[in-house]
Novice: 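Here it is: the structure, laid out below.
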Amino acid sequence: MELNRDNYRGKWRVRPDGYDKVTGSLKYLTDYTFPNMLYGKVLRSSYPHAKIKSIVTEEAEKLEGVIAVITYKDVPGMNRFGLIFPDQPVLCEDVVRYVGDAVAAVAAISEEIAEIALSLIHVKYEPLEVMDSPEKSLSSSCISLHPSGNILHQASYKNSEQVLIELKNCPYVVEDTYETPRQMHAYMETEGGVVVPEEDGKVTVYAATQHGFKDRMQLARILSIPESKIRVVSSPIGGSFGGKDELNIQPYAALLALKTKQPVKLHNKRSESVRAGIKRHPMKIKMITGANKDGKLVGHYVRITADTGAYATLGPAVLDFAVEHAAGPYMIPYIDVEGISVFTNNGVAGEYRGFGGNQVTFALETQIERLAELLKIDSIQFREKNLRKADDPGPLGQRIVKNDGAKSVLTMIKTSSVLMDQPKQHPNKLTGKGVAITMHGGGLGYGRPDPSGARLSLTKEGNIEIAFGFEEFGQGLIASIEIMLMEALNCSKEDIKIVIGDTDLVPSSGSSTASRSTNMIWNGIQKLKKPFTDKVLDLVADYTNTTRKLLYLGENGVWRKGKRNHFVLSYRELANFADQSLITFQTHFHFPTTPDPVIGGHYLYSFAAVAAAVEVDLLTGQVKVIKMDHAVAAGPVVNPLGYLGQIEGGAVMGLGFTLFEDSVMENGRYQTENFDSYLIPTIKDIPNETTVMVDESLMEGDVFGPRGVGEIGTVAIAPAITAAIHQACGIWVKKLPVSSEEILNALEELLPCKAGGALSGREC
């Protein structure tokens with residue numbers, strides 16, 4: 001199957017919650033305003049690492065228009081937050097560990113006054129030595145950034161003690177170290193929201209997040225009030241990609257709102273978002289990979305070092321994921337993988353689309369390409385020799401759902417025109433094409449709470465209401481829910497009411513992350529459709545004195561089978577006489593996990609392959625991706641446009657990771673604070689041609705439904721592009737993003753005549 005955007009244009013048109021019928025625009029949470037609303041601002045640290053000697057706020061408090069100034073003394077509950085470990089201070093007491101650390105916050109009648117007030121808060125610091133790299137944090141002379149030291153987490157997988165011995169005996173070995181950047185999520189809507197204290201003593205938090213219930217739990221601890229008194233409205237969001245899974249502005253806006261008893265809006269500017277927002281983990285990955293003369297992989301030795309920054313957030317899970325996917329979709333007899341996540345005084349790293357898979361896949365697939373070159377065989381042929389089979393165990397040796405997706409995507413990508421056609425030649429440009437594949441686990445993995453839930457009911461207005469605790473942040477979730485429910489109940493979209501992203505109105509469904517939402521929604525609907533259908537048909541049969549087996553659900557209501565189907569009763573009419581409690585069904589379940597006790601090990605995997613064609617400019621060293629094709633095996637396609645959007649959009653994000661993006665830090669300070677110097681791909685940078693080939697099949701016995709594709713479209717982009725660069729000019733890229741300067745320098749050595757002539761005017 002090949003997805004084509006034009007084939008589906010206009011077939012489904014949905015409007016997410018928050019659509020303003022008057023203005024015709026989407027109303028995001030940061031657009032909200034309320035009467036008597038104040039504006040909040042947060043004072044961040046002046047140093048990446050320092051002791052706090054004193055905080056003086058009197059001058060700021062006296063400024064006209066300032067309603068409140070808070071410090072750590074004003075936090076009534078636990079002055080910490082964090083998704084896994086609550087190790088990050090809401091407001092720092094005695095030490096700051098990175099430039100995004102919050103020291104104080106103010107609420108004022110205008111944003112301008114709030115900013116002036118920040119300048120009037122006087123903090124006396126005693127600068128400390130900056131641990132600005134994992135190597136420095138692990139040295140014998142390092143300063144401990146946390147009571148437990150500078151190691152956040154260690155993870156490993158080893159299936160043999162003989163790995164290095166076997167590698168020494170391999171005739172073909174590639175050994176190298178790869179480096180990946182600190183990528184910014186670069187969502188259009190930065191972190192923000194409004195917190196409203198209610199008259200009944202409750203507080204409502206309108207803020208961008210991927211997990212409203214987890215936010216509620218953390219805020220309850222900070223504010224020292226019951227969770228039942230906190231409502232989190234978390235949808236729709238203007239982009240997230242993992243960056244808003246952790247608390248951001250919520251604690252400060254909430255503390256200020258409760259202190260002032262007025263609504264408080266807090267919305268980060270881009271520079272504030274850069275300083276305080278989380279990023280993709282920079283990683284250094286050492287790999288030694290060996291093959292025998294027959295082209296079979298023998299050994300794989302991997303050491304991963306992740307810079308997690310000042311605090312934990314989801315660093316442990318990201319490292320576990322990287323370790324798990326270090327061998328990818330290959331069966332290798334001897335594997336030894338170790339990873340370490342290290343605290344530094346750099347920006348906090350956490351969840352990011354791909355969750356550690358992007359970094360390790362870049363290294364792994366480059367190793368595969370380089371081994372194929374040593375063996376003098378086609379890299380696709382080399383992959384075919386070593387690919388996992390449908391019934392092979394998972395990458396940690398765990399039992400997984402039978403899946404032949406690896407073979408499928410490789411078979412599909414071989415037919416890509418990127419690989420089959422000859423690229424056009426241009427003066428002063430070299431062209432090349434490359435390929436890469438990946439596998440990606442869905443859900444949070446074994447040993448991590450991964451619950452979900454759903455509710456299906458008939459409202460008093462006669463709507464079929466489906467409720468989930470997920471959030472819409474541009475991934476097309478609402479459209480997917482609508483399509484799945486229409487298919488399950490044979491109803492129309494006018495019959496449906498979708499409720500998401502409001503902790504007062506929905507069941508907890510877990511986080512909108514880890515490529516889990518589509519799968520959990522599908523499973524929730526499958527579990528609820530039979531009891532809902534049975535109850536509706538039973539009620540209508542009794543009410544109309546109709547034989548039950550002749551009735552079925554359809555558009556607008558219940559219908560009766562016959563030579564000509566007849567409309568029996570509308571959903572609105574049913575709601576008029578039926579007790580709503582009789583037609584409300586709820587389910588709770590968990591994301592499926594492997595039965596083997598392997599911490600973090602996944603059970604459901606998706607697969608993808610990428611083919612990329614590039615041009616390398618001999619004058620500038622710049623790389624242009626001119627065409628890119630994808631092959632994906634992730635079960636049935638629920639929402640074709642949404643599927644395309646995820647794969648194409650993810651590919652653009654992967655392209656940025658490869659060619660442009662890096663939140664460079666020096667001595668613990670960001671060197672770029674806006675998009676004028678932090679470059680992300682624009683319409684001019686993305687390939688003009690993209691094809692998405694899809695395998696929708698599931699193997700016999702697979703009852704788990706469609707897998708999510710929110711992440712997998714990003715993962716294999718980098719190695720496909722760098723393989724194409726190598727074919728174009730013979731350079732193996734080992735550090736991302738690709739450096740034009742390094743390309744030029746390498747071209748001078750590899751192509752002294754052609755490159756030198758183009759660059760320096762020398763005659764060849």
Side-chain angles (χ1 to χ4, degrees), residues 1-3 289 291 294-298 300 324-333 335 357 360-361 364-365 367-369 371-372 375 377-420 433-442 515 594 602-612 628-637 643 647 691-709 711-713 715-717 719-720 723:
M1 174 184 177
E2 185 174 305
L3 292 183
T289 314
D294 297 320
K296 297 287 287 185
L297 289 168
V298 173
H300 192 46
E324 177 185 359
H325 290 74
Y330 305 108
M331 299 305 296
I332 308 175
I335 297 177
V360 78
T361 299
L364 170 66
E365 286 295 285
Q367 291 281 98
I368 294 297
E369 287 286 323
L371 278 170
L375 284 155
I377 62 173
D378 177 74
S379 66
I380 290 181
Q381 182 185 350
F382 181 46
R383 289 180 173 91
E384 288 175 329
K385 282 178 175 282
N386 294 283
L387 217 55
R388 70 177 315 277
K389 297 179 176 62
D391 53 358
D392 282 331
L396 298 177
Q398 82 275 29
R399 282 173 284 177
I400 66 174
V401 174
K402 192 175 181 181
N403 194 320
D404 206 19
K407 179 182 178 181
S408 175
V409 297
L410 200 56
T411 300
M412 285 190 288
I413 207 66
K414 284 196 295 185
T415 68
S416 163
S417 62
V418 172
L419 301 179
M420 299 180 71
K433 48 194 176 182
V435 68
I437 65 171
T438 189
M439 67 187 295
H440 193 83
S515 301
T594 176
H602 290 80
Y603 194 48
L604 304 183
Y605 288 87
S606 300
F607 296 83
V610 178
M628 189 182 293
D629 284 352
H630 309 264
V632 185
V637 174
Y643 200 108
I647 300 303
T691 300
V692 179
M693 297 170 278
V694 176
D695 179 0
E696 295 191 78
S697 65
L698 296 175
M699 303 201 76
E700 184 178 355
D702 188 336
V703 297
F704 298 101
R707 285 34 160 182
V709 293
E711 296 174 278
I712 199 166
V715 179
I717 303 299

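Just so we're clear, the structure is a prediction, and the values are computed from it rather than from any experiment.
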Novice: Is the number of heavy atoms from other residues, nucleotides or ligands under 6.0 Å of Lys407 NZ greater than 12?
Specialist: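 Count not over threshold, so no.
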
Novice: Below 4.5 Å, heavy atoms only, C-beta onward: do Phe607 and Arg388 meet side chain to side chain?
Specialist: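 Touching, per the 4.5 Å side-chain cut-off.
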
Novice: Is there a side-chain contact between Leu297 and Ile368 (heavy atoms, below 4.5 Å)?
Specialist: yes

Novice: What is the distance from atom CD1 of Ile380 to atom NZ of Lys385, rounded to the nearest 0.5 Å?
Specialist: 14.5 Å

Novice: Minimum heavy-atom separation for Phe382 and Gly295, please, with both atom names.
Specialist: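 Closest approach of Phe382 to Gly295: CE1-O, 3.1 Å.
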
Novice: What are the two closest non-hydrogen atoms of Val715 and Glu711, and how far apart are they?
Specialist: CG2-O, 3.6 Å

Novice: Kindly compute the distance separating NZ (Lys296) from CD1 (Ile332), expressed to the nearest 0.5 Å.
Specialist: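 The NZ atom of Lys296 sits 10.5 Å away from the CD1 atom of Ile332.
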
Novice: In Å, rounded to the nearest 0.5 Å, how long is the span from CD1 of Ile647 to NE2 of His630?
Specialist: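 Spacing of CD1 (Ile647) from NE2 (His630) equals 7.0 Å.
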
Novice: Between Pro333 and Val298, which heavy-atom pair has the shortest distance, and what is it?
Specialist: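 Closest heavy-atom pair between Pro333 and Val298: CD-O, 3.4 Å.
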
Novice: Please report the shortest heavy-atom distance between Gln381 and Ile377, naming the atom on each side.
Specialist: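 Here Gln381 and Ile377 meet closest at OE1-CB, 4.3 Å.
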
Novice: Report yes if the side chains of Met439 and Asn403 come closer than 4.5 Å at any heavy-atom pair, otherwise no.
Specialist: no

Novice: Quick check for you: to the nearest 0.5 Å, what is the distance between Glu369 atom CD and Ser379 atom OG?
Specialist: 3.5 Å

Novice: Answer whether the closest heavy-atom distance between the side chains of Tyr330 and Ile437 falls below 4.5 Å.
Specialist: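 Yes, their side chains come closer than 4.5 Å.
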
Novice: Specify the closest pair of heavy atoms between Val637 and Glu696, including all atoms of both residues, with the distance to one decimal.
Specialist: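 Between these two residues, the closest heavy atoms are N-OE1, 2.7 Å.
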
Novice: Quick check: do Met628 and Ile717 have side-chain heavy atoms less than 4.5 Å from each other?
Specialist: yes

Novice: Whether the side chain of Asp629 engages the backbone of Ala611 through a donor-acceptor N/O pair (distance < 3.5 Å, no angle test) should be reported.
Specialist: no

Novice: Rounded to the nearest 0.5 Å, how far apart are NE2 of His300 and CD of Gln367?
Specialist: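 The NE2 atom of His300 sits 7.0 Å away from the CD atom of Gln367.
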
Novice: Parallel, tilted or perpendicular, judged at 30° and 60°: which one describes the rings of His602 and Tyr605?
Specialist: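 His602 vs Tyr605 ring planes: perpendicular.
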
Novice: Is any side-chain heavy atom of Ser416 closer than 4.5 Å to one of Met693?
Specialist: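 Side-chain contact under 4.5 Å: yes.
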
Novice: Please say which of Val418, Ile413, Val610, Asp378 ends up in a side-chain contact (heavy atoms from CB on, under 4.5 Å) with Val435.
Specialist: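 Passing option: Ile413.
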
Novice: What's the verdict on side-chain contact (heavy atoms from CB on, under 4.5 Å) for Asp404 and Met699, showing C-alpha distance, side-chain angles and the deciding distance?
Specialist: CA-CA 8 Å; Asp404 206 19; Met699 303 201 76; 3.9 Å; yes

Novice: Please round to the nearest 0.5 Å and tell me the distance separating atom NE2 of His440 and atom OG1 of Thr361.
Specialist: 9.0 Å

Novice: What are the two closest heavy atoms between Ala634 and Ser606, and how far apart are they?
Specialist: CB-OG, 3.6 Å

Novice: Any salt bridge linking Arg707 with Asp702? Criterion: basic side-chain nitrogen under 4.0 Å from a carboxylate oxygen.
Specialist: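 Looking at Arg707 and Asp702, the cut-off is met.
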
Novice: When you compare the side chain of Ser515 with that of Ile712, does any pair of heavy atoms fall below 4.5 Å?
Specialist: no

Novice: When you look at Arg399 and Tyr603, which way does the side chain to side chain donor-acceptor pair (under 3.5 Å) test go after all the steps?
Specialist: CA-CA 7 Å; Arg399 282 173 284 177; Tyr603 194 48; over 6 Å; no

Novice: Check whether any side-chain N or O of Lys433 sits under 3.5 Å from a backbone N or O of Leu419 as a donor-acceptor pair, and report yes or no.
Specialist: yes

Novice: Would you indicate whether the side-chain heavy atoms of Asp695 and Thr411 approach each other to under 4.5 Å?
Specialist: no

